[in-house]
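A quick write-up on the structure given underneath.
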Amino acid sequence: MSGHGDPIKMTAGRGAALKGVAEVPGDKSISHRALILGALSVGETQITGLLEGQDVLDTAKAMRAFGATVTRHGPGDWSVQGVGVGGFAEPEDVIDCGNSGTGVRLIMGAMATSAICATFTGDGSLRKRPMGRVTDPLALFGARAVGRAGGRLPMTVVGAAEPAPVSYTTPMASAQVKSAVLLAGLNAPGQTVVIEKVPTRDHTERMLRGFGAEVSVEQTPEGTRITLQGQPELVAQSVAVPRDPSSAAFPVCAALLVPGSEILVPGVSQNPTRNGLFLTLREMGADIEFLNPREEGGEPVADLRVRYSELTGIDIPADRASAQIDEYPVLAAVAACARGTTIMRGVHELRVKESDRIDAMARGLEACGVAVEEDADTLIVHGMGPGGVPGGATCATHLDHRIAMSFLILGLVSQQPISVDDGSPIATSFPVFEELMRGLGASIVRDNG
Ligand code: S3P
């Protein structure tokens with residue numbers, strides 16, 4: 001069973017202005033996909049800038065278990081010798097995806113149309129998360145899944161020996177569900193169609209095309225209709241993974257909050273399905289400049305210059321949720337330091353992330369002296385203005401990397417330091433977080449040295 005090391009208590013306190021260049025690691029979503037599509041291709045895929053967070057390392061290990069040869073050549077520099085579409089071998093043992101919902105859901109999709117069987121598990125957080133959202137559409141291809149009550153891991157998926165192509169409208173805004181269906185569609189004959197009412201991150205569609213699949217995207221009255229021509233031969237590629245906007249969010253928000261700060265965050269993806277936070281922060285009054293816009297690794301990127309700013313609370317519409325879904329925890333921390341109230345609408349998906357992020361942020365902010373309101377789909381934070389958050393609490397992170405980093409960012413400006421009970425999950429997505437933040441001048445320490 002998936003294990004978890006000893007908790008690492010961390011504390012952040014007020015300190016000097018943040019200065020310097022924040023080179024955040026590779027994009028997590030793109031890193032998972034590069035490994036999986038590399039494994040499903042013919043030939044050797046070269047990947048540079050791969051995120052070496054635990055989530056991605058677990059996907060690399062899983063791809064080896066399905067028969068691909070995955071090799072690390074140096075920091076971020078990897079290769080994958082693929083087995084081709086339909087070439088997955090049956091793993092000999094349980095696939096442990098650790099903390100990663102993206103890893104497990106995409107891999108389930110990728111294996112669901114091969115005549116093999118695999119059993120999946122994960123850590124205490126992942127074993128609580130719903131898998132039915134993926135196994136329901138995979139059943140339409142002919143795959144069968146048996147798991148714990150509520151569609152929870154551990155779960156065994158028996159792939160379809162004679163898969164049928166599928167047309168599926170995703171019932172929730174989820175790139176993981178969309179991607180699982182598209183990856184399953186690779187080994188089904190004919191066309192697989194996914195319709196999404198709300199657009200979600202489109203890295204799978206972009207990368208499938210890059211590897212040689214025929215993918216068309218059209219806007220229809222029902223939503224975005226994505227059509228994949230099944231059974232392509234995917235051809236190995238060179239993938240340069242751009243930096244992760246969801247990791248960039250932490251130094252960006254820290255620089256906005258700590259008086260006198262000015263930092264540069266180079267090469268951050270400006271993919272419109274991912275850039276909601278930066279638009280929201282600008283609407284709150286943030287001084288963020290987008291310099292040197294260009295394309296890297298098939299993604300639009302820019303260098304972000306960020307300066308300390310006095311922010312004002314805003315009402316964020318539900319239709320922005322998907323483009324900043326992973327950024328609400330740090331946005332809630334920022335909102336606590338803004339003047340006035342910030343209303344985050346349409347955020348129910350946060351309840352089924354690595355933790356229930358509405359609950360985790362609400363309870364932690366209350367412990368830090370911030371007034372919040374919540375319902376099933378909304379989080380409201382009553383900002384206390386610059387320097388106004390009392391802090392002085394230890395916040396529970398519930399095995400959730402983004403909750404841990406968000407409270408540490410808030411601790412940089414609260415009146416009393418803020419601790420998190422366990423910062424170890426930060427290594428799943430941003431293994432160099434502490435080092436990078438300290439390099440900018442932040443005071444973040446481990447309580448046990
Ligand atoms: C991801 C999709 C999102 C996001 C997750 C990464 C992906 O999840 O929250 O961190 O790489 O496809 P959902 O698909 O559940 O919205």
Side-chain angles (χ1 to χ4, degrees), residues 25-37 50-51 53-56 58-59 97-110 122 125-126 128-137 151 168 170-184 194 196-208 224 226 241-242 244-250 269 271 273-277 299 318-331 344 346-358 360 377 399-403 405-406 425-426 428-430:
D27 188 89
K28 181 149 72 74
S29 294
I30 295 175
S31 294
H32 283 295
R33 287 159 172 82
L35 290 169
I36 295 169
L37 288 186
L50 189 84
L51 167 66
Q54 192 55 46
D55 279 10
V56 176
D58 287 335
T59 288
C97 290
N99 192 251
S100 181
T102 306
V104 72
R105 292 181 176 134
L106 267 54
I107 296 168
M108 280 180 176
S125 155
L126 192 57
K128 286 189 195 145
R129 298 178 68 186
M131 296 298 138
R133 55 178 53 202
V134 168
T135 55
D136 287 352
Y168 190 69
T170 52
M172 68 286 290
S174 170
Q176 293 174 0
V177 174
K178 168 177 67 178
S179 302
V181 175
L182 291 172
L183 291 173
V194 183
E196 51 177 9
K197 292 177 210 137
V198 177
T200 63
R201 66 190 68 194
D202 60 357
H203 309 301
T204 302
E205 300 90 301
R206 284 174 187 253
M207 207 182 278
L208 276 169
T224 308
I226 303 140
V241 180
D244 196 328
S246 300
S247 295
F250 296 100
S269 171
N271 180 321
T273 62
R274 296 286 299 278
N275 70 351
L277 175 78
E299 295 276 326
D319 63 12
R320 175 86 51 89
S322 168
Q324 57 181 26
I325 193 67
D326 291 336
E327 283 64 77
Y328 282 101
V330 74
L331 190 54
M344 303 171 218
V347 294
H348 56 274
E349 274 292 308
L350 296 182
R351 300 229 178 249
V352 289
K353 295 293 176 190
E354 286 81 331
S355 67
D356 175 342
R357 288 181 171 162
I358 296 180
D377 198 25
L399 290 181
D400 189 329
H401 53 131
R402 297 200 203 282
I403 300 298
M405 290 185 277
S406 299
I426 292 171
T428 62
S429 70
F430 199 163

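Atoms within a ligand are numbered from 1 in the order they appear, just like the ligands themselves. If you're wondering where the values come from, they're calculated on a predicted model, not measured in any experiment.
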Within-cut-off N or O pair, Arg402 and ligand 1, under 3.5 Å: no
Closest heavy-atom contact between Arg129 and Val352? NE-O, 3.1 Å
Can you check whether Asp319 reaches Val198 side chain to side chain, under 4.5 Å on heavy atoms? no
Will you find, in the side chains of Thr102 and Gln176, an N or O donor that is under 3.5 Å from an N or O acceptor? yes
Quick one: does Ile325's side chain get under 4.5 Å of Lys353's, heavy atoms only? yes
Identity and separation of the nearest protein heavy atom to atom 15 (O) of ligand 1: Lys353 NZ, 3.2 Å
In ligand 1, the atoms that come under 4.0 Å of a heavy atom of Ile325 are 9 (O)
Heavy-atom closest pair (Asp27 atom, Val241 atom, distance to 0.1 Å) is N-CG1, 3.4 Å
So, is Val177 polar-close to ligand 1, with some N/O to N/O distance under 3.5 Å? no
Which of these, Glu354, His32, Arg33, has its nearest heavy atom closest to atom 12 (O) of ligand 1? Arg33
Just distances here: any N/O of Arg201 and N/O of ligand 1 closer than 3.5 Å? no
Quick test: of every protein heavy atom, which one is nearest to atom 6 (C) of ligand 1, and how far off is it to 0.1 Å? Thr102 OG1, 3.2 Å
Just by modelled atom types, is the Pro199 backbone N or O under 3.5 Å from a matching donor or acceptor in the Lys178 side chain? no
Could you tell me whether Arg105 and ligand 1 have an N or O pair separated by under 3.5 Å? no
What is the nearest protein non-hydrogen atom to atom 4 (C) of ligand 1, stated with its residue, atom name and distance? Asp326 OD2, 3.3 Å
Ala173 neighbourhood, listing ligand 1 atoms whose heavy-atom distance to it stays under 4.0 Å: 16 (O)
Lys28 N/O under 3.5 Å from ligand 1 N/O: no
Side-chain donor-acceptor contact under 3.5 Å, Ser29 with His203: no
Across all chains, not counting sequence neighbours, the ring-ring contact (aromatic ring centres under 6.0 Å, His included) partners of Tyr328 are none
